[in-house]
Amino acid sequence: MEEKDYIYLTPMPVRIWHWLNALGIVTLCITGIQIRFPDYVNIFGTYKSAISLHNTAGIVVSISYALWFCYYLFVAKSLFRLYIPNLEDIKSGIIRQALFYFFFYFLGRPNPHHTTPDCKFNPMQKAAYLVIMLVLIPLIVVTGYLLMNVDLLRPTIMVLGGIKLLVSAHYLIACAFFAFLFVHIYLATLGHTPFAHFKPMWHGWEEVEEHHSEEHGHH
Ligand code: HEM
């Protein structure tokens with residue numbers, strides 16, 4: 001039987017962060033819908049219980065985010081290498097990858113990006129994950145924290161433009177997360193098999209596609 005090649009792609013702290021974060025964000029989206037549209041949606045009984053679950057999930061997401069950030073910055077020291085697109089990515093890589101997802105994938109062409117542990121994201125992933133992880137999560141955590149402590153932090157809230165602006169910003173960023181979630185899960189199924197990208201998020205190892213396997217060692 002043919003031996004398959006694997007690369008170790010996703011270390012355990014990243015996997016723990018990812019699934020804790022996914023559970024937290026999905027909980028935040030569902031409770032958030034009830035909090036935003038209480039007249040139409042009632043999933044968690046009372047309005048109060050939706051709010052306390054929302055606050056708890058927010059705390060879980062912010063703590064797991066700190067774990068992700070410290071791990072990539074201080075332990076793996078690969079945050080900038082993996083997550084910041086280079087000039088080549090911006091000039092042509094993003095377009096090449098988008099063309100693949102929208103068109104060439106359906107013609108059965110191979111993915112133009114070859115994943116390695118040192119360059120595990122394609123240019124589109126880099127750009128999207130950079131915005132999500134280093135802009136949107138910090139913004140939604142800070143706006144959420146201010147909204148959780150309105151009485152205590154009123155002076156700061158006033159300086160930032162008032163409670164209405166804060167609520168709108170928090171809601172708009174939440175909509176971006178909601179949209180990201182669907183696109184993220186759909187694109188994650190476009191590996192050489194539908195679960196090829198899910199497996200390394202579970203046990204860390206990704207199977208190398210046959211025509212790239214000569215470059216890597218056996219596992
Ligand atoms: C049920 C929800 C989710 C599922 C099924 C899911 C699935 C996956 C899969 C299969 C991968 C590996 C392939 C890839 O890199 O694209 C991945 C990676 C990733 N996901 Fe998700 N995801 C979910 C929610 C989220 C959420 C809510 C966020 C952020 C707000 C997120 C951020 C990321 C990031 C940053 C990576 C790369 C991690 C790394 O290797 O450093 N995911 N996800």
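Just so you know, ligand 1 is whichever comes first in the structure, and atom 1 is the first atom listed for that ligand.
For ligand 1, none of its N or O atoms has an N or O atom of T10 under 3.5 Å away. Of the N or O atoms in K120, one or more lie within a sub-3.5 Å distance of an N or O in ligand 1. Of the N or O atoms in W17, none lie within a sub-3.5 Å distance of an N or O in ligand 1. In terms of polar-atom proximity, W68 is not counted as a contact of ligand 1, lacking any N or O under 3.5 Å from an N or O of the ligand.
Within ligand 1, the atoms closer than 4.0 Å to a non-hydrogen atom of Q125 are 14 (C), 15 (O), 16 (O), numbered from 1 in the order shown. Short contacts between ligand 1 and A188, defined as distances under 4.0 Å to a heavy atom of the residue, involve ligand atoms 10 (C). Interface atoms of ligand 1 facing I132, defined by a heavy-atom separation under 4.0 Å, are 29 (C), 30 (C). Atom numbering of ligand 1 starts at 1 in the shown order; those under 4.0 Å from a heavy atom of F177 are 30 (C). Less than 4.0 angstrom separates some heavy atom of V14 from each of these atoms of ligand 1: 39 (C), 40 (O), 41 (O).
Considering only heavy atoms from C-beta on, C119 comes within 4.5 Å of T116 through its side chain. P138 has its side chain within reach of Y65: a pair of non-hydrogen atoms, C-beta onward, lies under 4.5 Å apart. Two residues are said to be in side-chain contact when any heavy atoms from C-beta on lie closer than 4.5 Å; I157 and L165 fail this criterion.
Protein heavy atom at the shortest distance from atom 38 (C) of ligand 1 is Y83 OH, 3.8 Å. Atom 1 (C) of ligand 1 has as its closest protein heavy atom I185 CD1, 4.0 Å. Among all non-hydrogen protein atoms, the one lying nearest atom 29 (C) of ligand 1 is N21 ND2, 3.3 Å. Residue, atom and distance of the protein heavy atom nearest to atom 27 (C) of ligand 1 are L181 CD1, 3.5 Å.
Distances from atom 43 (N) of ligand 1 to the heavy atoms of K199, H184, M201, H197 put H184 nearest. Summarising the contacts of atom 25 (C) of ligand 1 with M133, H18, M124, R15, the nearest heavy atom is found in H18. Comparing F182, W19, Y129, Y72 against atom 14 (C) of ligand 1, the shortest heavy-atom distance belongs to Y129.
Ring geometry for F37 versus Y171: interplanar angle over 60°, hence perpendicular rather than tilted (30 to 60°).
Proximity of Y65 to ligand 1 is not established, as no heavy-atom distance is less than 4.0 Å. Residue contacts with ligand 1 do not include Y71, since none of its heavy atoms lies under 4.0 Å from the ligand.
Note: the hydrophobic cluster containing F180 also contains V14 (ILVMFWY, side chain heavy atoms under 4.5 Å, direct or indirect links).
The backbone and the side chain of F198 each have at least one atom closer than 4.0 Å to an atom of ligand 1 (non-hydrogen atoms only).
Of all non-hydrogen atoms in I35 and A50, the two that sit nearest each other are CD1-O, 3.9 Å. Minimum interatomic distance between M148 and I59 (heavy atoms only, all atoms of both residues): CE-CD1, 3.9 Å.
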Test ring-ring contact (aromatic ring centres under 6.0 Å, His included) applied to F106 and F102, step by step = CA-CA 8 Å; F106 298 102; F102 282 110; 8.6 Å; no
Could you give me the CA-CA distance, side-chain angles and deciding distance for Y129 and W68, then say whether ring-ring contact (aromatic ring centres under 6.0 Å, His included) is met?
-> CA-CA 13 Å; Y129 292 160; W68 172 88; 9.6 Å; no
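For the atom pair K126 NZ and N86 CG, the distance stands at 4.5 Å (nearest 0.5 Å).
No donor-acceptor distance shorter than 3.5 angstrom exists from the side chain of E206 to the backbone of P200, with no hydrogens or angles considered. Listed for the S62 side chain is no donor-acceptor partner under 3.5 Å among the backbone atoms of V141.
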